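The structure appears right after this line, and notes come after that.
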Amino acid sequence: MGVLSNKISRDQLKPGDHIYSWRQAFIYAHHGIYVGDEMVIHFTRGAGQEIGTGTVLDRVIFSSSAQTSGNPCPKCGDHSRVDGVISSCIDCFLCGGDLHLFEYGVSPALFVVQARGGTCTLASSDPPEVVLHRASFLLQNGFGVYNVFKNNCEDFAIYCKTGLLISTSLSVGRSGQAASFLAAASAIISSPLRFLTTSFSGLAAVGCGMYCISRLVSDMGVRRDVIKVPVEDLIKPSGVVESDISTEMAKER
C-alpha cells in the first residue's frame with residue numbers, strides 16, 4: 001500500500017476485495033465489496049431514499065452511481081433511484097473515478113501517516129469466501145437505513161470484511177471517514193492544548209496531532225467496544241434487518 005495513494009488497476013482486483021472511489025473533489029469516498037465478474041456489492045443512500053432523520057450531509061451525498069433513469073447501464077440496469085445494498089458493475093460503482101484498495105491489518109505507524117481516514121484499518125480481514133458470503137447475504141436482506149455518520153457504505157464494507165460491529169451506544173461513528181473527522185473536531189475543541197499557542201502553525205500542529213490520535217483510537221482494529229457478529233444475527237426474528245445493533249447490545253450488557 002502506498003503512503004499517498006492506494007490506487008490500483010482493475011487487473012489487480014480479487015473477489016472479496018474492499019474497494020473505494022473518491023467522490024465530489026475528494027470530499028468523501030464511496031466503498032464496496034468486489035465480488036468478481038466486474039461486479040460490486042455496495043451500500044447506498046440513493047436518490048430514491050427518504051431523508052427521514054438523516055443529517056444535512058445526507059441530503060447532498062448520494063453514494064450510488066450518477067446514472068439517470070433515461071440512460072440505464074446495459075450491464076446492471078438503472079440504479080438512479082435505488083437505495084440500500086445493491087449490486088452494480090464496476091464502471092457504475094466508480095462513477096468515473098479511480099479505483100482504490102482499502103487495506104487491512106496495517107501497522108499503527110502506516111495507519112497514522114495516511115493523510116485521510118477511510119483508506120485502511122488495523123483490523124484483520126476474514127477469508128474472501130466469508131467476506132463474499134456476508135456481502136451476498138446483505139444484498140438479499142439489507143443493512144438497515146443509510147446514514148452518513150452512523151451507518152454508511154464504509155461501515156458496510158468493513159463489516160463484510162471483518163464481521164465487527166461496535167457493541168456500545170456511545171460512539172462518534174463506526175467508519176474511518178466519519179469517526180476520524182468527528183472525533184478530531186471534538187478533540188480539538190475540548191483539548192486544553194489549544195490554549196498553549198495562538199500561532200497558526202501551533203494550532204495546525206495541535207490539530208494534526210489530535211486528528212492522528214483520534215483516527216487511531218477510533219479504528220475498528222484498536223477499540224475494545226467491538227464484537228464479532230454473524231451476519232445471520234443481523235436479522236431479527238421478524239425478518240427486519242438491524243445493522244445498527246449497538247444500542248440493543250448495550251442494553252443487554
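Sequential numbering from 1 along the given sequence is applied to the chain's residues. As the structure is a prediction and not an experimental result, all values here were calculated from the model. Keep in mind that the numbers below use all heavy atoms, side chains included, and drop hydrogens, waters and symmetry copies.
Once rounded to the nearest 0.5 Å, the distance linking CD1 of Ile90 with SG of Cys76 reads 11.5 Å. Between Asp83 atom CG and Thr44 atom OG1 the span is 7.0 Å, to the nearest 0.5 Å. Atoms CZ and NE2, on Phe43 and His30 in that order, are 10.0 Å from each other to the nearest 0.5 Å. Atom SG in Cys160 sits 7.5 Å away from atom CD1 in Ile41 (nearest 0.5 Å). Between the CZ atom in Phe143 and the OH atom in Tyr159 there is a gap of 7.5 Å [rounded to 0.5 Å].
In terms of modelled atom types and a separation under 3.5 Å, the side chain of Ser21 and the main chain of Leu99 share no donor-acceptor contact. Looking at Asn141, its side chain never comes within 3.5 Å of a backbone N or O of Leu138 through a donor-acceptor pair. Between the side chain of Asn147 and the main chain of Asn152, no donor-acceptor pair closer than 3.5 Å is present.
Ring pair His31/Phe156: centre-to-centre distance not below 6.0 Å.
In the model, Thr121 has a side-chain atom that pairs as donor or acceptor with a side-chain atom of Asp219 under 3.5 Å. Using modelled atom types, one finds no donor on one side chain facing an acceptor on the other under 3.5 Å when comparing Thr119 with His100.
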Take Glu232 and Leu234 through the test side-chain contact (heavy atoms from CB on, under 4.5 Å) and record every step on the way to the result. CA-CA 5 Å; Glu232 291 79 9; Leu234 296 185; over 6 Å; no

Under the side-chain contact (heavy atoms from CB on, under 4.5 Å) rule, what do Val40 and Ser87 come out as? Steps first, then yes or no, please. CA-CA 6 Å; Val40 183; Ser87 175; over 6 Å; no

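A pairwise comparison of heavy atoms in Leu164 and Met220 identifies O-CE, 3.4 Å as the closest pair. Residues Leu122 and Val106 come closest through the heavy atom pair CG-O, 3.6 Å. Taking each heavy atom of Trp22 and Ala29 in turn, the nearest pair found is CE3-CB, 3.6 Å. Across Pro15 and Gly36, no two heavy atoms sit closer than the pair CG-CA, 4.2 Å.
With salt bridges taken as basic N to acidic carboxylate O contacts below 4.0 Å, one links Lys7 and Asp98. Look at Arg10 and Asp91 and you find a salt bridge, because one of the NZ, NE, NH1 or NH2 atoms lies within 4.0 Å of a carboxylate O, short of that distance.
A 4.5 Å side-chain heavy-atom check between Leu13 and Ile8 finds at least one atom pair inside the cut-off. Contact annotation: the side chain of Arg223 approaches that of Val226 to within less than 4.5 Å [non-hydrogen atoms, C-beta and beyond]. Using a 4.5 Å heavy-atom threshold, the side chains of Val222 and Val217 count as separate.
Scanning for side-chain hydrogen bond (donor to acceptor under 3.5 Å, both in side chains) contacts around Ser9 gives Asp11, Gln12, with sequence neighbours left out. Checked against side-chain hydrogen bond (donor to acceptor under 3.5 Å, both in side chains), Asp126 has the following partners two or more places apart in sequence or in another chain: Arg134, Lys228. The side-chain hydrogen bond (donor to acceptor under 3.5 Å, both in side chains) check on Tyr20 picks up Asn6, with sequence neighbours excluded.
Taking hydrophobic clusters as Ile, Leu, Val, Met, Phe, Trp and Tyr residues chained together by side-chain heavy-atom distances below 4.5 Å, Val229 shares a cluster with Val85. Linking ILVMFWY side-chain heavy atoms closer than 4.5 Å, directly or via other members, places Val130 and Leu139 in two distinct hydrophobic clusters.
For the pair Lys161 and Phe102, the NZ or CZ position fails the cation-pi test of under 6.0 Å to the six-membered ring centre and within 45 degrees of the ring normal.
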